[in-house]
Structures are given as structure tokens and as C-alpha cells.
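Being a predicted model, the structure only gives us computed values, none of them experimental. Nothing fancy with the numbering, it's 1 onward along the sequence.
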Amino acid sequence: MPLELQHVDFADGDELALVAALGHVGNEYNKAVHPTRTYEEELAGSKERWPAVYGYEAWHTLKVVDSATGKAVATSRWILPPTYRKHLPALTGIPEGMELPPRKPPTTLDRDFLGRLGETLEPIQQKFLGEDNEILSLDFIVTLPEYRRQGAASLMLKWAANFADEHGLLSNMEVHGDVSSIFGKFGWEKKESAEVARGDGKMLTFTVLVRDPKRSGANSA
């Protein structure tokens, strides 16, 4: 089936919330970050927070659609320096007169786990990324189960690689569990892995991946 990468519109919020909630079912990292959150709570919360997410200047959301049906089948969120927002498509579809609210974190976060995760991974990130470089980071990427292994993730990773190359940005991600070869296909290299205990004591393995820009142009911020 033909898949197509698209930048998102404000009206996509409810559909992307559904894609994320369905795609996160059974995800061990998601359980660690939100140990008490139900599927219904994730779906409702994502819909509620969408206006703030869409307007947050440090985040850019992508979607992949089945071009035969127009159905969204995958989505990803990328973190980038706000000065690079000007190189992205303008926000669209915001209702007239609507003021986008400030971003608020979900109330279901396990902050103790996130603290341990940060303490473990930040030294690794600093080792390979430095402290002063501008970076494009993957926040999350998710595909509906029935559309996996059909190229949706590749479309989003290719966009990120091209954007990073065009603007001379380092790019990184922290991957839980087995590291798919798809990341290496687009230039992300495994650097170092570490284990972090989630709230119930189960150990989760995370791997830091880093990608150097493939073209040495001037920074375009």
C-alpha cells in the first residue's frame, strides 16, 4: 500500500492521539513512564494536550498516511532548537481567535523513573554530543501494529536525516530494547547502552544513538 509522509495540521490531533495510544499498547518504556495510565486515559489526555503540543515551538510532529484511504498510520515527534522553526512549514488549521495554551506535562508521569533515566543517560549524551552543539532529537516514533514493517518509520527517519544534513545538525535518540537496523540505514550509530530500573524493579536497557550530519554546510539557524 502506498504511504506518504506529511506535516501535520491542527485538525489531526484526535487521529494522531489514537495512533499513539494504539501504537503504545504493550510498550515497556511507555509503561515505565506512565505506570498507572490506562489506554483510555492516554487517548483522552493526548487529545486534551494537543493544542499545546501543536504550538510548542521546540517540537515538530510528522505523520504518515495510507494515501489510498487518507488514514494516519504512524507519527513521530522531533525536538529541535526553536530557532529552526522558521525552516519548517507554518502551523495550519488553528481555529480563528484560538490562543494555543502553554504545554503541561501529563499527570501520570513517574518522575522518579525519569530522574533515574536522566541521571543514567545524560552523561552518555554529553560524551557523544558535547554541551554546546545544536541537536535534532527523536522524542517518540510509533506505527499502528498492522502497518509496521511497511516503510512508515523509514519515511519519518529519512525526513529527519535530510533536515539534519541540510542544517548541519547532530541528531540523537535513546532507544529502548533491541535497536532496529533501520536506524543505521539512515546514519544513526549505536554509541553506548545502559540499564535503568523502572518503578517495579524491572531493568530496561536503553541505547544512545547519534548521527553526524552528512554535509558540512554552515549552520543555518
Count I, L, V, M, F, W, Y as connected when their side-chain heavy atoms are under 4.5 Å apart, and connections chain through other members. Are [X] and [Y] then in the same cluster?
{"X": "Phe186", "Y": "Leu209", "answer": "yes"}
{"X": "Trp78", "Y": "Leu5", "answer": "yes"}
{"X": "Leu80", "Y": "Leu62", "answer": "yes"}
{"X": "Trp188", "Y": "Leu155", "answer": "yes"}
{"X": "Ile135", "Y": "Val175", "answer": "no"}

Do you know which two heavy atoms are closest between [X] and [Y], and how far apart they sit?
{"X": "Ala32", "Y": "Arg198", "answer": "CB-CB, 3.7 Å"}
{"X": "Met156", "Y": "Ala74", "answer": "CE-CB, 3.7 Å"}
{"X": "Arg111", "Y": "Pro105", "answer": "NH2-CG, 3.7 Å"}
{"X": "Gln150", "Y": "Leu3", "answer": "O-CD1, 3.5 Å"}
{"X": "Leu121", "Y": "Glu174", "answer": "CD1-CG, 3.6 Å"}
{"X": "Pro213", "Y": "Ala164", "answer": "CB-O, 3.9 Å"}

* To do: Would you indicate whether Asp200, at its atom CG, is surrounded by more than 12 heavy atoms from other residues, nucleotides or ligands within a distance under 6.0 Å?
  => yes
Check this for me, if you would: do [X] and [Y] make a salt bridge, where the nitrogen-to-carboxylate-oxygen distance has to be below 4.0 angstrom?
{"X": "Lys63", "Y": "Glu15", "value": "no"}
{"X": "Arg211", "Y": "Asp165", "value": "yes"}
{"X": "Arg148", "Y": "Glu146", "value": "no"}

Any chance you could measure [X], atom [atom1], to [Y], atom [atom2], to the nearest 0.5 Å?
{"X": "Leu129", "Y": "Asn172", "atom1": "CG", "atom2": "CG", "result": "5.0 Å"}
{"X": "Asp212", "Y": "Leu169", "atom1": "CG", "atom2": "CG", "result": "11.5 Å"}
{"X": "Thr207", "Y": "Glu192", "atom1": "OG1", "atom2": "CD", "result": "9.5 Å"}
{"X": "Thr205", "Y": "Glu195", "atom1": "OG1", "atom2": "CD", "result": "4.0 Å"}
{"X": "Leu114", "Y": "Glu119", "atom1": "CG", "atom2": "CD", "result": "11.0 Å"}
{"X": "Ser154", "Y": "Phe183", "atom1": "OG", "atom2": "CZ", "result": "9.5 Å"}

With a 4.5 Å cut-off on side-chain heavy atoms, are [Y] and [X] touching?
{"X": "Val19", "Y": "Val73", "value": "no"}
{"X": "His24", "Y": "Lys31", "value": "no"}
{"X": "Lys191", "Y": "Gln125", "value": "no"}

* For the pair Met173 and Leu157, evaluate side chain to side chain contact (heavy atoms under 4.5 Å, CB included) and give the outcome as yes or no after the intermediate values. => CA-CA 11 Å; Met173 58 183 70; Leu157 292 171; 4.1 Å; yes
Ignoring hydrogens and geometry, is there a side-chain-to-backbone donor-acceptor pair from [X] to [Y] under 3.5 Å?
{"X": "Ser67", "Y": "Pro2", "answer": "yes"}
{"X": "Ser171", "Y": "Leu136", "answer": "yes"}
{"X": "His34", "Y": "Asn30", "answer": "no"}

* To do: Mind jotting down which residue pairs meet the salt bridge (Lys or Arg N to Asp or Glu O under 4.0 Å) criterion with at least one end in residues 32-52? Sequence neighbours excluded, please.
  =>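 Matches after skipping sequence neighbours: Arg37-Glu42.
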* To do: Let me see the working for Tyr29 and Phe206 under ring-ring contact (aromatic ring centres under 6.0 Å, His included), right down to the final yes or no.
  => CA-CA 10 Å; Tyr29 172 70; Phe206 293 87; 5.7 Å; yes
Which pairs of donor and acceptor atoms, one on a side chain in residues 88-104, lie under 3.5 Å apart (sequence neighbours left out)?
residue : atom : partner : partner atom : Å
Thr92   : OG1  : Asp9    : OD1          : 2.7
Arg103  : NH2  : Tyr56   : OH           : 3.4

* Measure up the His87 and Phe163 rings against each other and bin them: parallel (under 30°), tilted (30 to 60°), perpendicular (over 60°). => perpendicular
* Asked: Parallel, tilted or perpendicular: which fits the ring planes of Tyr54 and Phe10, with parallel below 30° and perpendicular above 60°?
  -> perpendicular
* Is there a side chain to side chain contact (heavy atoms under 4.5 Å, CB included) between Lys71 and Leu144 once you walk through the steps? -> CA-CA 11 Å; Lys71 175 184 177 180; Leu144 291 177; 3.7 Å; yes
* Asked: Would Arg77 and Leu138 count as a side chain to side chain contact (heavy atoms under 4.5 Å, CB included) if you check the C-alpha gap in whole Å, the side-chain angles of each, and the deciding distance to 0.1 Å?
  -> CA-CA 6 Å; Arg77 181 188 298 154; Leu138 175 64; over 6 Å; no
* Check step by step if side chain to side chain contact (heavy atoms under 4.5 Å, CB included) holds for Val33 and Asp110. => CA-CA 5 Å; Val33 176; Asp110 183 339; over 6 Å; no
* To do: Flag the pair His7 / His60 as yes when their ring centroid distance falls below 6.0 Å, and as no otherwise.
  =>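 For His7 and His60, the ring centres are under 6.0 Å apart.
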* Asked: Could you walk me through whether Trp59 and Thr61 pass the side-chain hydrogen bond (donor to acceptor under 3.5 Å, both in side chains) check?
  -> CA-CA 7 Å; Trp59 285 349; Thr61 305; over 6 Å; no
